[in-house]
Amino acid sequence: MSKTILIVDDSASIRQVVSMTLKGAGYEVITANDGKDALTKLDGTKIHLIISDVNMPNMDGISMVKEVKKLASYKFTPIIMLTTEGADDKKQQGKDAGAKAWIVKPFQPAQMLQAVSMLV
Amino acid sequence: MSLDAALQTFFVEAQEHLESMESVLLQMDEGECDSEMLNNIFRSAHTIKGSAGIFGLNHIVEFTHVVENILDRARENEITIEAKLIDVLFKCRDHIQALVKCTPEEALSDIQLKDTGTELHALLAPWAAEDLNTVHEKETLPNIENQNQPVTLDKNKYWHISLRLSKDCLQNGMDPLSFIKFLSTIGEIKHIKTLADNFPDLASFNPELLYFAYEISLQSEASLETIENTFMFVQDGSDINILPPETELGRYIELIEQLPEDNQRLGEILIDCGALTANSLQQALNQQSSDITNQFDEKPKLGEVLSENNTVSKEVISAALDKQSKNPNKTIDNTSTNKQIRVDSDRLDLLINLIGELVINQQRIDILANKTTNTPLIEAVGDFEGFTEQIRDAALSLRMVPIGGIFQRFKRVVRDTAQELNKEIELVIEGADTELDRLMVEKLGDPLTHIVRNAMDHGIEAVDQRIEAGKSAQGQLKLSAYHEAGHIVIAISDNGRGIDKERVRAKAIDKGIIHEDNVLTDNELYQLIFHPGFSTAEAVTSISGRGVGMDVVKRNVESLQGSIEIDSASGKGSTFKIRLPLTLAIIDGFHVESKGTHFIIPQATIIECIDLVAHVDIEGRHCINLRGDMIPYLAMNEIFNLAESQPSTALTDDKAQQRAELVIVQFGGNIAGIAVDKLNGEIQTVVKPLGPIFKPLKGIGGSSLLGSGEIAFILDIPQLIELAIGSEIQINSNQESQR
Amino acid sequence: MTTVKVTQKRNGSTEISIAGEFNIYSAMDIYQQHFKSISLKELVNFKLKGITEIDTAGMQMLILLFKEVEKNNAQYKIHSSNEVIDEYSKLFNIHHYFNNNDSEIMEGN
């Protein structure tokens with residue numbers, strides 16, 4: 001059974017590269033442009049992993065994580081945060097919100113796949 | 001933006017793989033070939049193709065696919081690696097490199113590039129499988145599982161992984177299930193024990209928390225880093241212990257004692273896992289408990305508990321112990337030294353800079369402490385100095401890299417150049433593990449290439465000439481690196497025809513570089529080669545060009561505070577020796593003063609200090625007779641036009657005291673003196689580059705802040721020596737021409 | 001959806017049947033509703049065939065119940081096999097918890 005991954009990023013190219021990578025490895029991929037958009041995708045569809053950017057318009061990654069944690073059927077979904085920021089306080093905020101897995105950009109596609117396969 | 005960054009990562013990655021391909025091909029060229037090499041080169045091509053596919057770089061994918069396929073066939077022993085194939089593969093590698101450097105659009109429009117690609121594919125055809133084109137589409141993405149699949153499994157290589165994951169990991173969506181599944185993609189789980197010992201009572205159970213604990217025995221060729229990374233997302237609040245294969249038993253005992261579960265049970269579990277044998281466990285325990293009894297023999301040790309169930313004779317134990325002491329744990333060393341981290345070079349430079357400041361501050365404290373009579377303080381500062389030095393050395397060693405990396409590159413240069421020149425040349429590398437400052441490594445590539453090509457072109461003779469001269473047909477080029485008196489020496493030597501001194505001399509006269517009457521030592525004569533616009537080869541070849549460059553070589557080396565020397569014997573060969581400082585960041589220097597201005601002379605260049613007053617200048621020149629040798633010297637106050645500093649307190653003595661000390665320095669084969677007022681002693685100092693304003697100033701290599709807060713100039717000895725000798729020659733020739 | 005049925009039989013045995021996805025999402029509710037103060041005596045029959053998915057939270061809850069049975073000097077039996085449980089228990093080497101099924105008792109319902 002293939003697993004479904006939600007990719008949240010405001011950069012189209014990143015969405016593209018990440019989904020290409022994941023689809024190539026056999027995952028189902030759903031994409032969203034920002035945190036708000038992502039929440040609309042959480043409509044009962046089974047999602048095994050969320051990969052999200054931090055800095056996004058409308059709703060940033062950390063606020064999104066907080067919202068996801070309120071949803072009964074998604075609150076235990078693993079979340080990987082992608083960040084360019086080495087800033088530890090951002091990371092701590094995210095961890096407090098419940099996003100424990102962080103990958104620093106730029107990442108290699110293989111690295112991403114590896115991280116994903118550790119979580120789903 | 002991030003896509004670009006990811007693309008950059010791809011370029012770096014591709015470059016690394018290309019380098020690795022090259023080094024494998026070179027090994028193959030020397031007739032070596034084993035499955036590991038084949039796997040390596042295959043994986044390189046595979047990864048380049050795979051990653052290129054992710055970024056839509058189809059021009060790379062298309063070409064590399066065919067190469068990968070052939071390497072795969074070689075790996076599967078369907079074809080053998082033969083000399084002809086190696087030649088083609090070298091070209092393919094270069095072509096991939098060219099493709100990596102251009103965009104898909106450029107690749108499409110570059111007809112020459114396309115032709116090369118088609119041509120190479122045609123050349124590869126004899127080794128290709130027939131159904132080559134049918135397997136194309138499917139494989140454009142990297143198959144990470146394949147890459148991580150251990151190539152060969154060593155039966156004894158079991159890792160032990162002990163997991164007490166953070167209790168909230170399930171709530172964070174991290175199920176141990178996925179980690180265990182991942183582990184089985186990088187190795188084989190030989191045994192796993194899921195412990196349910198820490199379950200609470202039914203009533204106080206929290207179904208969202210993790211209570212299971214795990215002890216895992218894993219067979220894997222993966223690195224410690226890879227295995228550690230498996231758990232990177234659950235590190236917070238987790239207790240994860242990963243013991244490499246053949247870890248010392250003591251570590252297991254420590255682990256057992258540190259874990260919350262019952263010790264005896266854990267011991268049994270580890271035996272179950274195959275991590276320990278009952279014997280070895282007990283033996284370690286015995287050892288441990290006897291060590292510990294001396295300190296505090298309180299609670300019953302695990303060893304005693306376990307020994308109740310064990311009936312191993314003492315002989316067996318001591319025999320086992322014996323055996324263990326004879327087998328130093330090599331594998332452990334390997335795994336621990338292989339563990340590397342990558343650090344941004346800027347951060348490293350920052351660290352080294354800060355340590356530089358630390359060294360200065362330490363010296364200041366030293367000065368202040370010595371002004372007091374507080375012996376304990378002075379002693380403490382002395383200790384502090386020792387540690388500061390160790391920190392400095394440790395930090396500097398971070399920036400040191402083995403020179404082997406550049407040497408390796410020359411295998412290809414030599415191979416290709418020899419082919420081009422139709423000469424037979426063997427490259428010998430010595431001292432590849434000699435380390436030098438990374439900054440220097442980066443700047444050495446060009447000068448070395450130049451010297452190497454020059455040696456191959458002009459030094460080593462054509463095959464028939466060699467045979468005629470009674471030499472072996474194959475010429476030899478040797479690259480070696482070693483330490484010598486605080487310097488690193490890189491020597492490039494060949495067993496060719498040597499430098500024809502007469503021809504050099506004739507050429508130099510012809511070019512007006514020297515005068516017919518000038519009498520030059522061999523060394524001076526050889527140095528003429530570095531004169532701008534000098535070339536002795538009668539036929540100008542594409543390899544080493546028109547003598548453009550040897551002067552640049554010299555300048556490059558000097559910019560690294562280095563020098564270059566030539567030694568040559570007619571008919572036997574030449575040696576170029578590049579002498580470089582160990583590091584560019586910090587020097588051990590000798591602090592001197594002239595007219596109140598501070599100077600630092602690099603310690604490694606100093607031979608001795610003498611009292612100048614006791615010596616008399618020869619014929620009114622700045623030259624003294626030191627034990628029969630003529631030593632030219634420079635007076636710092638004259639060279640740098642130093643005026644008397646007005647409020648100087650040091651200026652109490654009579655005039656004779658000025659310029660009273662002479663520091664004799666040496667660089668390469670040359671000796672000169674530096675006259676100063678005052679010797680202040682040894683000092684360790686951080687080199688700060690001079691601002692652009694000071695760049696034209698000859699003789700100064702940098703500046704440094706003294707412990708007292710004053711600025712000191714670091715003398716560039718090679719330049720100064722040249723200046724001293726130069727002015728001597730000038731004076732000499734002036735005198736001669738006056739006669 | 002997870003369905004859990006706990007039935008106390010007249011002969012003193014207990015039957016616990018679980019079906020559907022048995023994972024962390026339902027774990028808290030199921031525990032609160034059925035298991036927090038369950039009393040397990042004599043014989044406990046587990047009917048697990050209907051479980052379609054199990055994660056570590058689900059598995060922990062089963063082990064918790066097995067342990068509780070043993071603590072009470074009672075016995076438990078697993079009725080017929082289940083693929084997802086087999087897969088999990090094989091991976092984690094905990095199949096001994098499930099190996100006491102009595103092949104003679106066929107799963108009812």
Side-chain angles (χ1 to χ4, degrees), chain A residues 3 9-27 47-50 53 55 65 68-69 74-84 86 91-92 94-120, chain B residues 1-14 46-47 50-56 138-148 165-166 168-186 208 222 226 229-238 344 347:
Chain A
K3 310 266 183 176
D9 201 310
D10 56 327
S11 147
S13 55
I14 278 282
R15 286 201 303 274
Q16 205 179 333
V17 173
V18 175
S19 51
M20 252 167 83
T21 310
L22 295 175
K23 279 180 183 164
Y27 296 102
I47 286 173
H48 295 86
L49 173 72
I50 299 171
D53 193 13
N55 252 319
V65 172
V68 170
K69 289 285 161 191
Y74 294 100
K75 63 175 175 180
F76 300 122
T77 309
I79 302 170
I80 297 179
M81 302 300 283
L82 300 180
T83 178
T84 43
K91 206 163 164 172
Q92 196 51 51
K95 284 192 172 182
D96 292 344
K100 304 286 171 175
W102 288 69
I103 293 183
V104 178
K105 289 190 259 190
F107 50 86
Q108 296 171 14
Q111 210 184 333
M112 153 78 68
L113 274 179
Q114 201 168 41
V116 168
S117 61
M118 282 168 196
L119 291 177
V120 296
Chain B
M1 165 208 107
S2 285
L3 184 65
D4 275 357
L7 202 56
Q8 282 312 312
T9 314
F10 163 73
F11 291 138
V12 172
E13 182 189 59
H46 176 77
T47 309
S51 315
I54 282 189
F55 290 98
K138 216 168 75 186
E139 271 197 283
T140 45
L141 285 164
N143 186 340
I144 203 167
E145 265 172 51
N146 253 351
Q147 284 171 33
N148 283 336
L165 300 178
S166 73
D168 62 355
C169 73
L170 300 178
Q171 288 171 325
N172 295 321
M174 321 263 172
D175 195 308
L177 197 56
S178 45
F179 303 127
I180 302 304
K181 278 186 184 161
F182 183 79
L183 276 186
S184 48
T185 66
I186 59 170
E208 289 178 1
T226 310
N229 278 345
T230 309
F231 309 104
M232 64 183 172
F233 298 139
V234 273
Q235 262 163 5
D236 292 358
S238 295
D344 187 357
R347 287 202 220 173

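Within every chain, numbering begins at 1; the chains are lettered A, B, ... in the order of the sequence lines, protein sequences first and strands thereafter.
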Give, as side chain, backbone, both or neither, the part of A:A99 having an atom under 4.5 angstrom from any heavy atom of chain B.
neither
Just so I know, are the side chains of B:F233 and A:I103 near enough to count as touching, which here means a heavy-atom distance under 4.5 Å?
yes
Check each atom of B:D168 against the heavy atoms of chain A and say whether the ones under 4.5 Å are side chain, backbone, both or neither.
side chain
Does any N or O in the side chain of B:S178 come within less than 3.5 Å of the main-chain N or O of A:M118, such that one atom is a donor and the other an acceptor?
yes
Heavy-atom contact with chain A under 4.5 Å, split by part of B:L170:
backbone
Distance-minimising heavy-atom pair for A:F76 and B:Q171:
CD2-O, 3.3 Å
Closer than 4.0 angstrom, basic N to acidic O: yes or no for B:D236 and A:K100?
no
Contacting moiety of B:Q235, where chain A heavy atoms sit under 4.5 Å:
neither
Roughly how far, to the nearest 0.5 Å, is CG of B:N172 from NZ of A:K69?
5.5 Å
